J.: 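Before I ask anything, let me first share the structure, which is written out below as structure tokens.
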Amino acid sequence: MRGGGGPPELGDMSRLPRYPGRGGGRRRSDRRALLVALVSSIAIFGLVGWLIVTSPGWNLVQQSFFNPKYIGTSWPRQVAAIAVNVQLFLIAEACILPLALFIAVLRSLPGPVFFPVRAMAVIYTDFFRGVPSVLVIFILGFGIPALGIDWLPIDPFFWGVVTLILVYSAYVSEVYRAGIESVHPSQAAAARSLGLTYLQAMRYVVIPQAVRRVIPPLLNDFIGLQKDTAFVSFIGVIEVFRQAQIDESASFNFTPYLVTAALFLVLTVPLIHVTDWLVARDRRRQVAGGTA
């Protein structure tokens, strides 16, 4: 159809209405948003920095906490000392993961016959989640060796690891339990209908799904564990925080503590971003599954 005001023919694309492309507009909007974010960040951080450096006590704070001389002298010793923190973290984490899963399974056992087992698991988690970690470290690190039992070790490193395992197993077991309870009961029922026992259904059906769901909160607990390795300094372990205390006592300067904070950031910030990425990925999967 050619004449009049009729619609264009199917092959005559030149007569179709034209609309401005959306890609260019979105790119300009993104650039504008990035520019606004950059300018606002520079303004805010610049203002905070100006308030700090123009404060009356800035010179004293700079000499006490940001002294380049003491950064250069303390960081080699602290880098060597933080290896102890990494050892504490790795040993404790390797024990926490299976122990916490075992406790979570005990709390999930059904039936009245297992009530004493569930009660013991509840008492364990409530106690070690309720008592501050520092107190547990003092009680175990100083109290147990004082008993004088020959076959018990007195090494503070050992009792520091035991404390971290006991405390964080209570926290991680609750994360596992939340993951187990998030799996729909029909999954276990279907497994039982196929002839699997309760423990087999937990092992092959429920627990794999639960563990996948709780990986982000588990990583958050790993971050907390890495930071709490500094508590073992209270019972005499020479790790990075204790080394900073030694350096500060020798120089009467607090700069070694700043070096310690920077080293912990180097260890924990990558894990923090991995956790955030996993959380965002799970959220995208849930949104995609809901819209499918």
Side-chain angles (χ1 to χ4, degrees), residues 45 48-49 52-53 57-97 132-138 140-142 145 153-169 171-172 215-278:
F45 287 112
V48 172
I52 292 174
V53 299
W58 167 243
N59 290 332
L60 178 60
V61 171
Q62 184 181 24
Q63 290 298 317
S64 299
F65 287 92
F66 301 93
N67 195 314
K69 171 185 174 182
Y70 295 109
I71 292 176
T73 57
S74 66
W75 78 265
R77 290 188 294 270
Q78 293 197 51
V79 169
I82 204 168
V84 178
N85 297 78
V86 175
Q87 291 175 14
L88 286 164
F89 169 77
L90 294 177
I91 295 172
E93 195 60 47
C95 299
I96 288 167
L97 289 174
S133 303
V134 175
L135 294 180
V136 180
I137 284 178
F138 274 110
L140 294 182
F142 294 126
I154 60 173
D155 183 11
F157 183 93
F158 172 82
W159 291 111
V161 171
V162 170
T163 299
L164 294 173
I165 292 172
L166 292 176
V167 172
Y168 272 88
S169 292
Y171 287 104
V172 174
I215 286 177
L218 282 179
L219 291 178
N220 279 324
D221 283 334
F222 295 169
I223 295 168
L225 174 63
Q226 180 64 76
K227 295 186 295 183
D228 284 355
T229 57
F231 287 155
V232 302
S233 64
F234 297 147
I235 58 175
V237 179
I238 307 298
E239 44 75 61
V240 65
F241 180 66
R242 182 59 177 165
Q243 185 61 53
Q245 290 178 315
I246 294 171
D247 293 343
E248 183 270 333
S249 300
S251 61
F252 299 100
N253 190 277
F254 298 106
T255 303
Y257 291 122
L258 184 68
V259 177
T260 300
L263 290 175
F264 271 111
L265 286 174
V266 170
L267 289 178
T268 57
V269 166
L271 191 54
I272 291 171
H273 286 289
V274 169
T275 303
D276 292 342
W277 176 77
L278 288 174

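Predicted, not measured: the structure shown is a model, and the values here were computed from it.
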J.: Applying salt bridge (Lys or Arg N to Asp or Glu O under 4.0 Å) as the test, list every pair that has at least one member in residues 73-92; sequence neighbours left out.
T.: R77-D247
J.: Sequence neighbours excluded, which residues qualify as side-chain hydrogen bond (donor to acceptor under 3.5 Å, both in side chains) partners of S233?
T.: none
J.: Working to the nearest 0.5 Å, report the span between CD1 of I223 and CG of L218.
T.: 11.5 Å
J.: For the residue pair L140 and V136, establish whether any side-chain heavy-atom pair is separated by less than 4.5 Å.
T.: yes
J.: Using the side-chain contact (heavy atoms from CB on, under 4.5 Å) rule, take T163 and L166 through it: C-alpha gap first, then chi angles, then the decisive distance, then the call.
T.: CA-CA 5 Å; T163 299; L166 292 176; 5.9 Å; no
J.: In chain order, what residues pass the side-chain hydrogen bond (donor to acceptor under 3.5 Å, both in side chains) check against Y168, with sequence neighbours excluded?
T.: D228
J.: Name all residues meeting the salt bridge (Lys or Arg N to Asp or Glu O under 4.0 Å) criterion together with R242; count only those two or more places apart in sequence or in a different chain, and write none if there are none.
T.: none
J.: Would you mind reporting whether F142 and W159 have side-chain heavy atoms less than 4.5 Å apart?
T.: no
J.: Under a 4.5 Å cut-off applied to non-hydrogen side-chain atoms, are W58 and F66 in contact?
T.: yes
J.: Could you tell me which non-hydrogen atom of I154 sits nearest to which non-hydrogen atom of P145, and how far apart they are?
T.: CG2-CB, 3.8 Å
J.: Filter on salt bridge (Lys or Arg N to Asp or Glu O under 4.0 Å), then keep only pairs touching residues 261-278, sequence neighbours left out; what's left?
T.: none
J.: Which heavy atom of S133 sits nearest to which heavy atom of V167, and what is that distance?
T.: OG-CG1, 3.4 Å
J.: Identify, with sequence neighbours excluded, every residue that meets side chain to side chain contact (heavy atoms under 4.5 Å, CB included) alongside L135.
T.: V131, P132
J.: Of all residues at least two apart in sequence or in a different chain, which pass the ring-ring contact (aromatic ring centres under 6.0 Å, His included) check with F254?
T.: F65
J.: Taking the side chain as C-beta and beyond, is there a heavy-atom pair between L271 and Q226 under 4.5 Å?
T.: no
J.: Taking only residues two or more places apart in sequence or in another chain, which ones pass side-chain hydrogen bond (donor to acceptor under 3.5 Å, both in side chains) with T255?
T.: N253
J.: Who passes side-chain hydrogen bond (donor to acceptor under 3.5 Å, both in side chains) against E248, sequence neighbours left out?
T.: none
J.: For I165, what residues pass the side chain to side chain contact (heavy atoms under 4.5 Å, CB included) criterion, not counting sequence neighbours?
T.: A92, C95, I96, L99, V161, S169
J.: Given V84 and F157, is the side-chain contact (heavy atoms from CB on, under 4.5 Å) satisfied, shown in steps?
T.: CA-CA 9 Å; V84 178; F157 183 93; 3.9 Å; yes
J.: What is the minimum heavy-atom distance between L97 and F222, and which atoms define it?
T.: CD2-CZ, 3.8 Å
J.: Within the distance-only criterion (no hydrogens, no angle test), does the side chain of W75 pair as donor or acceptor with the backbone N or O of T260 below 3.5 angstrom?
T.: no
J.: Would you check if V86 and L90 make a side-chain contact, meaning some heavy-atom pair closer than 4.5 Å?
T.: yes
J.: Mind checking side chain to side chain contact (heavy atoms under 4.5 Å, CB included) for K69 and listing every partner two or more places apart, or none if nothing turns up?
T.: N67
J.: Can you tell me how far apart CD (Q243) and CG (L263) are? Round to the nearest 0.5 Å.
T.: 11.5 Å
J.: Starting at CD of Q78, measure out to OG1 of T73 and round the result to the nearest 0.5 Å.
T.: 9.5 Å
J.: Measuring from atom CG of L225 to atom CG of D221, what distance do you get when rounded to the nearest 0.5 angstrom?
T.: 8.5 Å
J.: Taking the side chain as every heavy atom from C-beta outward, state whether S64 and L60 have any atom pair closer than 4.5 Å.
T.: yes
J.: Does the side chain of I82 reach to within under 4.5 Å of the side chain of E239, using non-hydrogen atoms?
T.: no
J.: In chain order, what residues pass the side chain to side chain contact (heavy atoms under 4.5 Å, CB included) check against W277, with sequence neighbours excluded?
T.: R281, R284
J.: Testing V259, V269, T229 one by one against F264 for a side-chain contact (heavy atoms from CB on, under 4.5 Å), which residue passes?
T.: T229
